Structures are given as structure tokens and as C-alpha cells.
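Bear in mind that the values here come from a model prediction, so they are computed numbers and not experimental data.
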Amino acid sequence: MTTSSDAYRRAGVDIESGNLTARMIRSAVESTHGPEVLTRSGLFSGAYALDDHRVLVASADSVGTKVRLAAALGRNSSVGIDLVNHCANDILTTGATPIFFLDYFASSRLVPEVVAEVMEGVAAACREAGCALLGGETAELPGLYAPGEYDLAGFIVGVVERDRMLDGTRVRAGDALVALPSSGPHTNGFSLVNRILTDGGERELTPESVAEHDRELGGSLADALLAPHRSYVRELLPLVHDGRVKGVAHITGGGISDNLPRMLPEGLGAVVDTSTWELPPVFRWIQELGGVSRAEMFHVFNVGVGAIVAVSPEDVEGVVRDLGGAWVIGEVVSGGQ
């Protein structure tokens, strides 16, 4: 298949349009901010000072078109886990501990068994993260969604002590960048994945049509694609609290190139050595079947890297050992941004 540099755009998603949208709404958003707002636009989450000591951190996100695949395969609990873990990782970038979560589920017709399965996943991930599931909203919207499909979004709030908050100011040139592996595509790039699985919309998305690709992958493609978004909260929070992790980047849509700079202060950049790991099989499958260039793979997907943390050189060996499966992927350098 001829490799293209705009496979994701042909699947219906334009990352640059998303970035332009963020820039266009920035002034309106920032016009609502008072001195209690401690974070700038473009970060993974927002922070609001309750007082001189405690800061609330919040984030909202969705599972995106991964829900279409989950619904087609009848495996709905995994996207509930995805939802919570994605949001929890976003507030983790400030060093916040999750305290409560809210969800939003919408479909053309509510199927109680499907809603219950999704919520079982949401609740399980909340228990693992140590946060309360306070409630949410369930909406039945005939005509807005295709039959059998649904949408899922979530809203998380955490808390961090102000003197422990990660805001980029502790990161220095010369710090090592340590990568933590992802469990798969997590919650990004599924518009392209679904396009591959349906031959551009020519075929139905079914368990059988997905299983046809198992031999190409060398295992269960459904398992690889629906592996829940990995949470890094329990692993990283202790290292944030003891001061060894100085910055956290959650690698989601936009890949390493868009997300790693979000944890760096002005005047610093990063050098990443992409030869330090191999693309996991599921990403090689996407690249080949989707006709995706290597450059676009790194801009759309996490390509096996779910989070990157900044660590002082003297702490690298201990951090890599304590995290297990982590590796040094690069370093912070002067210049950039």
C-alpha cells in the first residue's frame, strides 16, 4: 500500500485544525481567569487554588471513536476504564491525586445492559485510582447517534499541595527523560483504526471482520486494540511526592511531539532518541494497513510510549528501577518552545 502523510486526515480527523481551534478560543477562556487559576492554556489540566496550601486540578476528556469498536465487539467495560485512566493521567501531570469523577453517557437509545457494562468499567477504574464516582448524566438522543453506538465523556477533579505541584519550574536542561510503556493505542487514533477495519466504510465492523486480521498481527487484534488505557497514577505519585519526578507528560493525541513540550518551561526543549524502542506489533499493523508514514505515526499515536517524566541525572537509575519497564528516551535541552 502506498504510504501517505495524511492518513489520519483522510480518516476524518485534522490534528492541525484541533490545534488552531485551541489557539482561537484561548483568549475567551483566559478572559474568565482570576488569580486563583494557576495554569496556562495548553496544559493537560487546569488548576484552581482553594487557599494558600491546596489546589484543585480538573480535566475533561472522552474515549473518542474507540467506543465504536467497543460497541461493535460487545466489549464495553474496557472503555469505561479508558475514560477514567485518561483523565486521571491528565491531572497526574500536575502531581494531583484524584478525588472524584463524573461521567456522561449518550446514545440514540439507552440499552441498560450496555450502560451497566460501561459503568462497571468506570467504577473499577475509580476504585483503582482511589477516587469517588459521584455520578453523572445519561442522555437518550434519538437521531443524533447511529443505532447501537454511543458517546462517553468524563470529568475528574484532584487535589495537590501547592508546594508539591508540578508546573514545569523544576525541570532543568540536562534532566533525563524516562519513558513508561503504553498498553496499546490507549484512546487515540481510532478514527484511522476504524477506517482500516471497515476498508474505508465499505465493510461492517464486526467481531468476525476484526478477527480476520489476527494472523497479520500474530495474536488477537481485538485484545490489542481494546487494551485499557494504562493508568500511571499509582506508579508515579510516590516519585512525585519524594521529588524524584520533576515533570510528567501524558502522551495522547498529537503523540510525543505535541505532548512532551507541554511539561517543559519556556526556553527548554527535548531531544528524543526513537531508536531506544521498537514499535509494538499493533502499531506496526496500523502503519502497514493504514498506509501511514512513520512521521505521522509518531504524530497521531503514542507508538508504545504512554508517559514521559523528567528526572535529575542522579536519580535516573533508581527511577528506572522503581518503575519497572521504563527506559531513558532522551534529555531536556536548552532552547525550543
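A distance-only check finds no donor-acceptor pair linking the side chain of Asn259 to the backbone of Ile251 [under 3.5 Å]. Remark: side-chain polar atoms of Arg284 are paired, donor with acceptor, to backbone N or O of Leu279 under 3.5 angstrom. Judged by distance alone, the side chain of Ser45 and the main-chain N or O of Val57 form no donor-acceptor pair under 3.5 Å. Under a 3.5 Å cut-off, the side chain of Asn302 and the backbone N or O of Gly184 do form a donor-acceptor pair. Between the side chain of Glu120 and the main chain of Ser77, no donor-acceptor pair closer than 3.5 Å is present.
Trp277 and Phe298 have tilted rings, their planes meeting at an angle from 30° to 60° on a 0 to 90° scale. Between Phe44 and His250, the two ring planes are tilted [angle within 30° to 60°].
Ile329 contributes atom CD1, which lies 10.0 Å from atom OG of Ser275 (distance to the nearest 0.5 angstrom). Interatomic distance, Leu217 CG to Glu288 CD, rounded to the nearest 0.5 Å: 11.0 Å. Interatomic distance, Ser183 OG to Asp82 CG, rounded to the nearest 0.5 Å: 7.5 Å. The CZ atom of Arg164 lies 9.0 Å from the CG atom of Asp242; values are rounded to the nearest 0.5 Å. Atoms CG and CG, on Asn85 and Asp61 in that order, are 12.0 Å from each other to the nearest 0.5 Å. Note: His241 NE2 to Glu161 CD = 9.0 Å, rounded to the nearest 0.5 Å.
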Derivation and outcome, side-chain contact (heavy atoms from CB on, under 4.5 Å), residues Thr94 and Asp167: CA-CA 6 Å; Thr94 67; Asp167 58 5; over 6 Å; no
Full working for salt bridge (charged side-chain N to carboxylate O under 4.0 Å, His left out) between Asp51 and Arg54: CA-CA 6 Å; Asp51 50 38; Arg54 296 170 301 165; 2.8 Å; yes
Candidate pair Thr252 and Thr187, rule side-chain contact (heavy atoms from CB on, under 4.5 Å), full reasoning: CA-CA 7 Å; Thr252 56; Thr187 52; 5.6 Å; no
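The side-chain heavy atoms of Val67 and Glu149, taken from C-beta on, include no pair separated by under 4.5 Å.
Counting heavy-atom neighbours within 6.0 Å of Glu317 CD, excluding the residue itself, gives a total of 12 or less. Surrounding CD of Glu314 are more than 12 heavy atoms belonging to other residues, nucleotides or ligands, all under 6.0 Å away. Atom CD of Glu278 has 12 or fewer neighbouring heavy atoms from other residues, nucleotides or ligands inside a 6.0 Å radius. More than 12 heavy atoms of other shown residues, nucleotides or ligands fall within 6.0 angstrom of atom OH in Tyr145.
Both tests do not hold together for Arg68 against Phe190: distance to the six-membered ring centre under 6.0 Å, angle to the ring axis within 45°.
Between Tyr232 and Leu180 the shortest heavy-atom distance is CD2-CD2, 3.5 Å. Of all non-hydrogen atoms in Arg234 and Arg127, the two that sit nearest each other are NH2-O, 3.9 Å.
Val271 and Val178 fall into different hydrophobic clusters, defined by Ile, Leu, Val, Met, Phe, Trp and Tyr side-chain heavy atoms under 4.5 Å apart, directly or through other members.
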